[in-house]
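Working notes, structure below.
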Protein chains: 2
Amino acid sequence: MKRDNRLSVALHVLLHLDELGDTVTSDRLGPMLGMNPVVLRRTFAGLRDAGLLTSGKGHGGGYALARPLREIPLSAVYDALGLAAPFAIAPRDPDATCLLERAANDHLQAALDAAEATLRARLDAVTVADLAAAARALAPAHLAHRGPAAPPPDPELP
Amino acid sequence: MKRDNRLSVALHVLLHLDELGDTVTSDRLGPMLGMNPVVLRRTFAGLRDAGLLTSGKGHGGGYALARPLREIPLSAVYDALGLAAPFAIAPRDPDATCLLERAANDHLQAALDAAEATLRARLDAVTVADLAAAARALAPAHLAHRGPAAPPPDPELP
DNA sequence: CGTCACGTAACAATAAAAGTGACGTGAAAC
DNA sequence: GTTTCACGTCACTTTTATTGTTACGTGACG
């Protein structure tokens, strides 16, 4: 089963954009992340359309944050990427005529919906700035120069 | 993103095995489900190893339930299939050296873990027999000949 | 002992994602 | 105004995962 890691990549990029505080080109970002620049540009299209980052052409062009990380909940990034569904499993035929299959699929779908709601609640409760703060907490010596750190987010909510 | 529907298929088969109350060969099941018999046998290997169904060779062989549906929570089927992870998204590199990436991946993984816990709780709370009851509730006229129906499971828990 | 059906391995076909090259467009630099 | 840069996007290739298919061994039943 192949898993999509665009969300992970997007968060990583947003954090680096904030750290650099500058516009960065996809040609620089590609090697940094070990990805093809074209693939990155494809991924960023959604983030740009969602207003999370800006893109500029020509000299001095590239990508930059459109707003502070504190105003970007993880769920906004999740939505911006337009991931069809977060699950690797799904009912075989949501509109099956067989009643037995229907009953199975209906309950399976309900369970998946509940799980997705949990995921979304988690992503809603944390901003990208919280991740930056968590990173600073991991290595206070190196990166403790970006303003007062917010209290590290509770790493394990109930 | 490709989604796995083996869980849906497995539940469907278990329900039909119960309805037929007999051993069924993969060559009969394949066309019924629009799947290749070999693929079904591959899928059933896990269910057999987990003790959910029995398989017999030769004349009169095929697959049959190893125990009543009431003793099979959906989570047992889920586990028996050995689905690596229920999610289509994942951190890009769980052991990243970049602290920013680490922070992002750690939180993403925690959110995914929470969602999986929700999914598992749902699958634990329902047995395959509950699905059969739900199917009977959908069409009381047709299939109401398999004993008294349990109350239909609450379709939307909090 | 012949047939049936599982269990598996090896291989082909298919499909999805990623990588690649090319080109148009707008913006800045010169 | 022309050159250079970098995005945006298309078309195409490569890669990888899953599924389908064929084949064959093994045990069970008649």
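In what follows, every chain begins at residue 1, and chains take the letters A, B, ... in the order their sequences are listed.
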Tell me whether B/R120 is salt-bridged to B/D79, with the criterion being a basic N under 4.0 Å from an acidic carboxylate O.
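Looking at B/R120 and B/D79, the cut-off is met.
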Which nucleotide wins on minimum distance to the side chain of A/V39, given the candidates C/dT20, D/dG8, D/dT22?
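Minimum distance to the A/V39 side chain belongs to C/dT20.
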In whole Å, I'd like the distance from the [atom1] atom of [X] to the [atom2] atom of [N].
X     : N      : atom1 : atom2 : value
B/L40 : D/dT21 : CG    : P     : 12 Å
A/R3  : C/dA18 : CZ    : C1'   : 17 Å
A/R28 : D/dC5  : CZ    : P     : 15 Å
A/D4  : D/dA17 : CG    : P     : 15 Å
B/D27 : D/dT21 : CG    : P     : 13 Å
A/N36 : D/dC12 : CG    : P     : 18 Å
A/M35 : C/dT20 : CE    : P     : 11 Å
A/R41 : D/dC7  : CZ    : C1'   : 6 Å

Regarding C/dG19, can its base be found pairing with the side chain of A/R42 as donor and acceptor, where the two atoms are less than 3.5 Å apart?
yes
Test side-chain contact (heavy atoms from CB on, under 4.5 Å) on A/V9 and A/M35 and set out the steps.
CA-CA 10 Å; A/V9 169; A/M35 295 181 70; 3.9 Å; yes
Name the nucleic acid region contacted by B/G60, choosing base, sugar-phosphate or nothing; use a 4.0 angstrom heavy-atom cut-off, strictly under.
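B/G60: no heavy atom of the nucleic acid under 4.0 Å.
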Determine the contact category for A/F44: base if any of its heavy atoms lies under 4.0 Å from a base atom, sugar-phosphate if only primed atoms, P, OP1 or OP2 are that close, otherwise nothing.
nothing
Could you identify which residues of residues 50-58 of chain A place a heavy atom less than 4.0 Å from some atom of DNA chain C, listed by residue number, or say none?
A/K57, A/G58
Value for CZ (A/R102) from CG (B/L131), rounded to nearest 0.5 Å, stands at 13.0 Å
What distance do A/D4 atom CG and B/R92 atom CZ have between them, rounded to the nearest 0.5 Å?
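One gets 11.0 Å once the value is rounded to the nearest 0.5 Å.
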May I ask whether A/V24 and A/I72 are part of the same hydrophobic cluster, defined by side-chain heavy atoms of I, L, V, M, F, W, Y residues being less than 4.5 angstrom apart, directly or through others?
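In one cluster with A/V24: A/I72, yes.
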Would you please test A/L17 and A/V13 for side-chain contact (heavy atoms from CB on, under 4.5 Å) and show each step?
CA-CA 6 Å; A/L17 283 177; A/V13 168; 4.0 Å; yes
Check: A/R28 main-chain N/O paired with A/T25 side-chain donor or acceptor under 3.5 Å
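Yes.
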Counting only side-chain N and O atoms of B/T25, is one of them less than 4.0 Å from OP1 or OP2 of C/dA5?
no
